[in-house]
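Note that this is a predicted model, so its numbers are computed, not measured. Worth knowing before you read on, the calculation uses all heavy atoms, side chains too, and leaves out hydrogens, waters and symmetry mates.
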Amino acid sequence: MRTLEDYREIVGDDVLSRLYKRVRRLYGARVLHINSTFFGGGVAEMLTSLVPLMNSVGLDADWRILHGTPDFFNVTKKFHNALQGGAINLTEMKKRLYVQTNEEFASYCKIDHDVVVVHDPQPLPMVRFYKKAQPWVWRCHVDLSDPNSDLWSYLKGFILRYDVMVVSSETYLKEDLPVEQRVFFPAIDPLSTKNEPLSEKTIHKYMKKFNIPLDKPIIAQISRFDKWKDPEGVLEIFRRVREEVDCRLVLCGNMAEDDPEGWSVLERVRRRAGELAANSDVILVVNPAQNNIFVNSLQRTATVIIQKSIREGFGLTVTEAMWKGTPVVASRVGGIPLQIEDGESGYLVDPHDNDAFVEKIVRLLKDPEEREHISRNAVERVRQRFLITRLLGDHLDLYLYLLES
Ligand code: UDP
């Protein structure tokens with residue numbers, strides 16, 4: 001089990017000392033996190049690191065997972081899309097299923113903690129089914145900048161019962177919500193299998209296992225096969241880069257079995273890749289097994305990581321690549337500009353400006369000094385702002401505020 005001390009070499013003594021000082025006033029505080037999945041997705045990954053770390057510093061942290069049927073998750077997936085701006089037919093049946101699932105879960109989920117933190121929309125209505133004897137926080141990981149107005153108005157009814165809402169970017173703060181709001185940037189765990197240092201031997205083993213030759217420089221995008229991640233746009237950029245520099249493209253993506261949209265995007269990508277003159281230099285990796293070590297290896301092997309999103313909540317793939325010192329060329333959308341300072345710790349490009357993507361990628365492929373410069377700054381940028389220790393500090397500050405005010 002990892003403890004805060006394990007992070008000492010990475011973040012330094014000052015960071016640890018400040019965290020220990022803050023936690024002193026929180027010894028034994030009983031904090032409960034609730035989300036709706038143990039596996040898959042950024043929230044689960046973050047809680048997997050954060051909750052044990054909280055316990056290791058002396059809190060009494062707990063994690064519960066809301067149980068729901070596939071119907072329930074279909075409804076909450078529609079909510080998720082509509083919160084990010086999509087349309088929704090908000091029927092009474094959907095609302096009933098949403099609230100009843102929460103009520104059922106509440107009937108066997110006892111809560112007597114000092115602080116409750118509810119993640120994302122799935123367990124949001126739970127608050128309604130308790131005698132609220134402690135502060136409740138709604139930690140929303142979704143892009144709230146332009147939610148569907150019907151849904152927002154409906155969900156607000158539940159959010160109003162919370163003491164604080166926490167979002168991932170300033171642009172997601174809501175003026176029309178009379179609830180205190182804070183911003184916590186997401187973070188990665190430098191010691192998780194996705195991000196820990198790997199030996200050359202392990203990296204080579206994984207590249208071989210996934211049939212990725214190492215005889216040419218690699219550019220890679222690691223993202224769900226989703227139209228908002230624009231994998232077809234990546235192919236077009238690769239076609240043009242490949243005319244100037246001999247290199248390979250790896251498109252790696254995972255996908256839920258039940259995501260029909262994802263499969264059709266993948267089909268189009270396959271077809272388009274097959275049409276390219278350099279098609280033998282395009283490698284698609286779909287739903288990789290032993291995903292974390294492979295992704296870690298690929299992020300370390302690539303010469304350049306591309307993230308050509310049209311929309312992006314935060315973009316953890318960008319943080320992960322930056323931490324590994326691999327230069328990133330990414331769209332200036334969502335949370336990406338919070339991470340990359342253009343020309344210093346990576347490159348930011350307008351999502352539709354293919355010329356600029358090609359130019360920056362070619363430049364990085366040809367210029368090792370530029371890569372070195374970007375790489376150094378990128379690692380430091382993540383060390384200062386986007387590691388799990390900073391996120392732990394944000395949580396501790398919030399609990400202190402809630403329990404002492
Ligand atoms: N990811 C993965 N395997 C893949 C593709 C993505 O493990 O084949 C991970 C990636 O490393 C990152 C997360 O999925 O941790 C994606 O998070 P991000 O914020 O970039 O995008 P989202 O999918 O949440 O829109």
Side-chain angles (χ1 to χ4, degrees), residues 188 190 193-225 229-231 233-242 244-254 269 273 278 280-286 288 290-309 315-331 336 339-340 345-349 357-379 381-382:
I188 59 167
T193 47
K194 176 74 71 61
N195 298 306
E196 68 185 343
L198 296 177
S199 67
E200 284 296 312
K201 197 170 149 214
T202 305
I203 294 174
H204 284 177
K205 187 176 119 192
Y206 274 83
M207 290 301 111
K208 198 162 168 208
K209 195 168 160 180
F210 284 87
N211 298 319
I212 299 176
L214 299 175
D215 54 338
K216 299 179 188 180
I218 289 173
I219 45 185
Q221 175 161 297
I222 298 158
S223 272
R224 288 179 293 109
F225 287 97
K229 309 284 183 181
D230 198 15
V234 176
L235 284 173
E236 173 55 19
I237 287 164
F238 171 70
R239 185 187 67 74
R240 293 180 49 191
V241 168
R242 181 68 175 63
E244 294 191 48
V245 183
D246 191 14
C247 60
R248 283 205 165 82
L249 172 70
V250 179
L251 280 175
C252 167
N254 52 5
V269 168
S280 60
D281 282 335
V282 178
I283 300 173
L284 301 183
V285 184
V286 183
Q290 288 180 299
N291 182 44
N292 284 347
I293 310 182
F294 173 66
V295 169
N296 190 342
S297 304
L298 180 58
Q299 285 167 333
R300 288 176 193 278
T301 305
T303 306
V304 178
I305 291 283
I306 175 166
Q307 189 61 53
K308 202 194 167 294
S309 307
L316 279 173
T317 47
V318 171
T319 334
E320 290 161 5
M322 287 171 76
W323 177 242
K324 287 152 192 136
T326 306
V328 181
V329 181
S331 304
I336 295 175
Q339 305 185 54
I340 293 179
S345 43
Y347 285 110
L348 293 173
V349 174
F357 265 105
V358 173
E359 186 213 315
K360 306 294 184 207
I361 293 171
V362 167
R363 180 162 161 200
L364 282 165
L365 287 171
K366 286 184 172 170
D367 186 347
E369 273 174 33
E370 180 63 4
R371 292 204 298 272
E372 181 59 34
H373 161 79
I374 297 278
S375 168
R376 232 180 342 210
N377 290 336
V379 174
R381 178 94 179 150
V382 175

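- Taking each heavy atom of Val329 and Phe357 in turn, the nearest pair found is CG1-CD2, 3.6 Å.
- The two residues Cys252 and Pro288 have their closest heavy-atom pair at SG-CG, 4.0 Å.
- Residues Ala330 and Ile340 approach most closely at CB-CD1, 4.1 Å, considering heavy atoms.
- Asn195 places no side-chain N or O within donor-acceptor distance of the main-chain N or O of Glu320, the cut-off being under 3.5 Å.
- Proximity of Cys247 to Val241: side-chain heavy atoms (C-beta onward) are separated by under 4.5 Å at one or more points.
- Considering CZ of Arg381 and CD1 of Ile374, their distance stands at 12.5 Å, rounded to 0.5 Å.
- Here the straight-line distance linking atom CH2 of Trp323 with atom CD of Gln299 works out to 13.0 Å at 0.5 Å rounding.
- Partners of Asp215 according to the side chain to side chain donor-acceptor pair (under 3.5 Å) rule, which considers only residues two or more places apart in sequence or in another chain, are Arg248.
- Looking at Asp246 and Asp281, their side chains come closer than 4.5 Å, going by heavy atoms from C-beta outward.
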Exercise. Which is it for Tyr347 and Glu359 under the side chain to side chain donor-acceptor pair (under 3.5 Å) test, yes or no, and what are the steps along the way?
Worked result: CA-CA 11 Å; Tyr347 285 110; Glu359 186 213 315; over 6 Å; no

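- Note that CD1 of Ile305 and CG of Leu364 are 11.5 Å apart. Values are rounded to the nearest 0.5 Å.
- Residue-environment remark: NZ (Lys205) stays at or below the threshold of 12 foreign heavy atoms within 6.0 Å.
- Screening Leu235, Ile218, Ile283 against Leu249 for a side-chain contact (heavy atoms from CB on, under 4.5 Å) leaves a single residue, Leu235.
- Looking only at distances, a side-chain donor or acceptor of Gln221 sits under 3.5 Å from a matching main-chain atom of Lys229.
- Taking CD1 of Ile237 as the reference point, atom CD1 of Ile306 lies at 4.5 Å (rounded to 0.5 Å).
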Exercise. Which is it for Thr301 and Ile212 under the side chain to side chain contact (heavy atoms under 4.5 Å, CB included) test, yes or no, and what are the steps along the way?
Worked result: CA-CA 10 Å; Thr301 305; Ile212 299 176; 5.9 Å; no

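- One distance of note links CD of Glu196 with CD1 of Ile293; it measures 7.0 Å at 0.5 Å rounding.
- Side-chain contact between Arg224 and Asn254: present, with at least one pair of heavy atoms (C-beta onward) separated by less than 4.5 Å.
- Partners of Lys208 according to the side chain to side chain donor-acceptor pair (under 3.5 Å) rule, which considers only residues two or more places apart in sequence or in another chain, do not exist here.
- Looking at every heavy atom in both residues, Met207 comes nearest to Phe294 through CE-CE1, 3.7 Å.
- The side chain to side chain donor-acceptor pair (under 3.5 Å) search around Ser199 returns Thr202, not counting sequence neighbours.
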Exercise. Are Gln339 and Val328 close enough, and set up right, to give a side chain to side chain contact (heavy atoms under 4.5 Å, CB included), and what steps lead you there?
Worked result: CA-CA 11 Å; Gln339 305 185 54; Val328 181; over 6 Å; no

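- Residue pairs meeting the salt bridge (Lys or Arg N to Asp or Glu O under 4.0 Å) criterion with at least one member in residues 293-308, sequence neighbours excluded: Asp230-Lys308.
- Note that the CZ atom of Arg371 and the OG1 atom of Thr326 stand 10.0 Å from one another [nearest 0.5 Å].
- Judged as a ring-ring contact (aromatic ring centres under 6.0 Å, His included), and not counting sequence neighbours, Tyr206 has no contacts.
- Qualifying salt bridge (Lys or Arg N to Asp or Glu O under 4.0 Å) partners for Lys360, counting only residues two or more places apart in sequence or in other chains: none.
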